[in-house]
Protein chains: 2
Amino acid sequence: MSVTTLHRPTHRDALSALSAAFERGDMVTVFGRCTVEYDGRAASSLGRGDRLLILKPDGTALVHTDEQRTPVNWQPPGSEHRAAVRDGRLRVRSERENPDERLDVRFEQVHQVSALPVTGGRTVDVYGSEEDLRQRILDDPDLVEPGFQPEATERETAAGPVDVFGHDSEGRPVVVELKRRRVGPDAAGQLGRYVEALEREFPDGVEARGVLVAPSVTDRARELLAEKGLAFVAVDPPAATANGPDGEASAASEGEDG
Amino acid sequence: MSVTTLHRPTHRDALSALSAAFERGDMVTVFGRCTVEYDGRAASSLGRGDRLLILKPDGTALVHTDEQRTPVNWQPPGSEHRAAVRDGRLRVRSERENPDERLDVRFEQVHQVSALPVTGGRTVDVYGSEEDLRQRILDDPDLVEPGFQPEATERETAAGPVDVFGHDSEGRPVVVELKRRRVGPDAAGQLGRYVEALEREFPDGVEARGVLVAPSVTDRARELLAEKGLAFVAVDPPAATANGPDGEASAASEGEDG
DNA sequence: CAGTAGATATCGCCT
DNA sequence: AGGCGATGTCTACTG
């Protein structure tokens with residue numbers, strides 16, 4: 001069976017639909033005028049307005065307005081959704097423990113309820129992440145510097161795992177920290193911690209070197225690198241491939257000034 | 001007028017609905033079997049499956065499966081949505097510049113299209129954020145240490161703005177870094193940079209102190225703080241208030257093992 | 001379970 | 001437009 005939709009249902013009918021959808025493990029959308037309360041790691045209150053509530057069978061809850069990529073309120077996976085009618089109004093509560101937090105959506109009016117049985121793939125392959133950059137370095141270590149010899153990835157140190165560890169042409173240990181995008185002061189600090197941790201592993205007098213590999217670096221980060229005696233190597237950012245044109249009939253919506 | 005819904009529409013009818021919704025500035029949901037391609041800062045490919053596509057009038061696009069809080073694909077606000085029918089199939093493309101990236105959703109089957117006119121508030125008041133912690137410190141500076149005198153918030157330094165700046169009971173400058181939750185090594189590094197930047201502002205010999213204020217700290221971060229001669233002060237995390245019970249009739253869905 | 005760091009992070013503020 | 005840091009970040013991975 002496919003999607004079930006109720007148009008302007010009564011609050012009780014909306015509850016029945018939610019109940020059945022929960023039972024089937026469907027994904028649910030509720031569009032309606034509501035208020036939202038959250039309490040847990042922080043607390044928040046959202047006044048009356050039209051929002052889209054999404055309830056996933058894995059326990060995720062999302063409340064979206066007509067703006068922003070980030071939901072205005074949410075509950076992470078693993079929460080337990082409950083729906084009820086109180087004082088004649090639909091209420092949805094999503095709750096979890098550890099941390100203890102709950103989301104309450106109280107509907108004044110339910111414009112639409114839909115139950116969506118979902119099948120098919122959920123995992124997406126992403127290219128151009130840090131792991132791809134690592135592979136580029138391993139394939140051609142000279143990108144770091146001539147004569148660089150990579151020996152391990154994710155090598156453990158007291159300060160945490162190092163992206164790439166190896167030795168330079170003169171036999172000195174080298175720590176390589178990879179970033180897929182322009183880096184700020186935090187990355188310089190991270191690399192510095194790794195280098196310090198490594199030097200403590202070796203006998204006194206052995207100096208470890210640190211190399212930050214990224215598309216570019218901010219001024220402040222460059223200063224920090226210089227202070228700590230760390231190197232920076234620029235690499236091309238992951239490239240965006242061009243794509244084809246549009247179709248026959250079309251419609252457009254512009255986000256900025258449309 | 002209120003929500004418009006098409007149940008199992010033809011691809012052309014779906015396009016008409018999208019076109020009209022874009023024109024009105026409605027929020028749109030499309031549920032259907034589709035593939036998704038993304039190319040931009042990274043690139044990704046998502047095979048056939050049922051997903052919920054949300055198109056917001058501000059240019060946001062979200063593709064959700066039945067799992068996870070994070071959309072499997074998306075486009076940030078400011079993008080331009082276009083819909084078209086090609087080879088008899090609905091295609092939605094959302095595209096933006098700076099950075100140049102695009103999202104392509106190709107539908108094999110459209111289960112449902114809805115256009116949702118949205119009104120009402122979108123801004124949520126959040127309590128328990130770092131700003132609240134700052135206020136607690138300013139109201140009672142002794143929480144940092146007896147005799148602490150706060151003098152400025154967001155005080156600028158060469159390393160960036162310091163959360164709270166002041167002097168201790170002996171007249172030494174103090175940098176306070178606030179975190180609303182348990183902190184790791186990054187926060188220690190951040191505070192260390194601020195203290196170093198401050199000491200450079202003052203004549204040689206003047207020592208600035210650094211205090212990290214947070215609910216708790218990891219072992220590694222504690223070591224880093226000790227190395228850098230920085231202090232840690234524990235404060236209560238923002239408290240969660242209890243809330244009322246459920247309603248008359250109810251339905252439940254459990255995320256984990258339900 | 002906690003710790004650690006990546007992410008197409010997003011978002012807001014300020015220069 | 002870029003830099004910088006907070007976020008109820010979320011998410012995966014490792015010990």
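A, B, ... follow the sequence lines: proteins, then strands. Residue 1 opens every chain.
- Taking a heavy-atom distance under 4.0 Å as the criterion, the stretch of DNA chain C touched by chain B extends 5' to 3' from C/dG3 to C/dC11.
- Residue contacts shown for B/D219 are absent, as no nucleic acid heavy atom lies under 4.0 Å away.
- With sequence neighbours left out, A/P76 forms a side-chain contact (heavy atoms from CB on, under 4.5 Å) with A/R41, A/W74, A/S79, A/R96, A/E101.
- Nearest approach of B/V144 to B/V213, heavy atoms of both residues: CG2-CG2, 4.3 Å.
- Applying the salt bridge (charged side-chain N to carboxylate O under 4.0 Å, His left out) definition to pairs two or more places apart or across chains, those involving residues 60-79 of chain B are A/R122-B/D66, A/R122-B/E67.
- Within the nucleic acid shown, B/P99 has no heavy atom closer than 4.0 Å to any nucleic acid atom.
- Rounded to whole angstrom, the span from the CH2 atom of A/W74 across to the P atom of D/dT9 amounts to 8 Å.
- Remark: B/R155 engages B/E201 in a side chain to side chain donor-acceptor pair (under 3.5 Å) (not counting sequence neighbours).
- By the side chain to side chain donor-acceptor pair (under 3.5 Å) test, B/E156 pairs with no residue at all, sequence neighbours left out.
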Show me, pair by pair, the donor-acceptor contacts under 3.5 angstrom made by side chains of residues 221-237 of chain B, not counting sequence neighbours?
| residue | atom | partner | partner atom | Å |
| --- | --- | --- | --- | --- |
| B/E227 | OE1 | A/R200 | NH2 | 3.3 |
| B/E227 | OE2 | A/R200 | NH1 | 3.1 |

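- For A/S216, the side-chain contact (heavy atoms from CB on, under 4.5 Å) partners at least two apart in sequence or on another chain are A/R182.
- A/E130 meets the side chain to side chain donor-acceptor pair (under 3.5 Å) test with no other residue; sequence neighbours excluded.
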Which protein N or O atoms sit under 3.5 Å from an N or O of nucleotides 12-15 of chain D?
| residue | atom | partner | partner atom | Å |
| --- | --- | --- | --- | --- |
| D/dA12 | OP1 | B/Q68 | NE2 | 3.4 |

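- Every side-chain contact (heavy atoms from CB on, under 4.5 Å) that A/A159 has, sequence neighbours left out, goes to A/T157, A/R193, A/Y194, A/A197.
- With sequence neighbours excluded, no residue forms a side chain to side chain donor-acceptor pair (under 3.5 Å) with A/T70.
- Residue-level contact check: A/R193 touches the backbone only, with heavy atoms under 4.0 Å from sugar-phosphate atoms and none from bases.
- Across all strands, B/A159 comes closer than 4.0 Å only to sugar-phosphate atoms, never to a base (heavy-atom distances).
- Taking 4.0 Å as the cut-off between side-chain N and carboxylate O, A/D50 and A/R48 do not count as a salt-bridged pair.
- Taken residue by residue, residues 127-137 of chain A places heavy atoms nearer than 4.0 Å to DNA chain C at A/S129, A/E130.
- For the P atom pair drawn from C/dT4 and D/dG8, the interatomic distance equals 22 Å after rounding to whole Å.
- Distance check on atom P: C/dA7 versus D/dT7 gives 22 Å, rounded to whole Å.
- Heavy-atom distances to DNA chain D give each of B/R69 and A/T218 a nearest nucleotide, and the one nearer the 5′ end belongs to A/T218.
- Looking at heavy-atom distances under 4.0 Å, B/E154 makes no contact with the nucleic acid at all.
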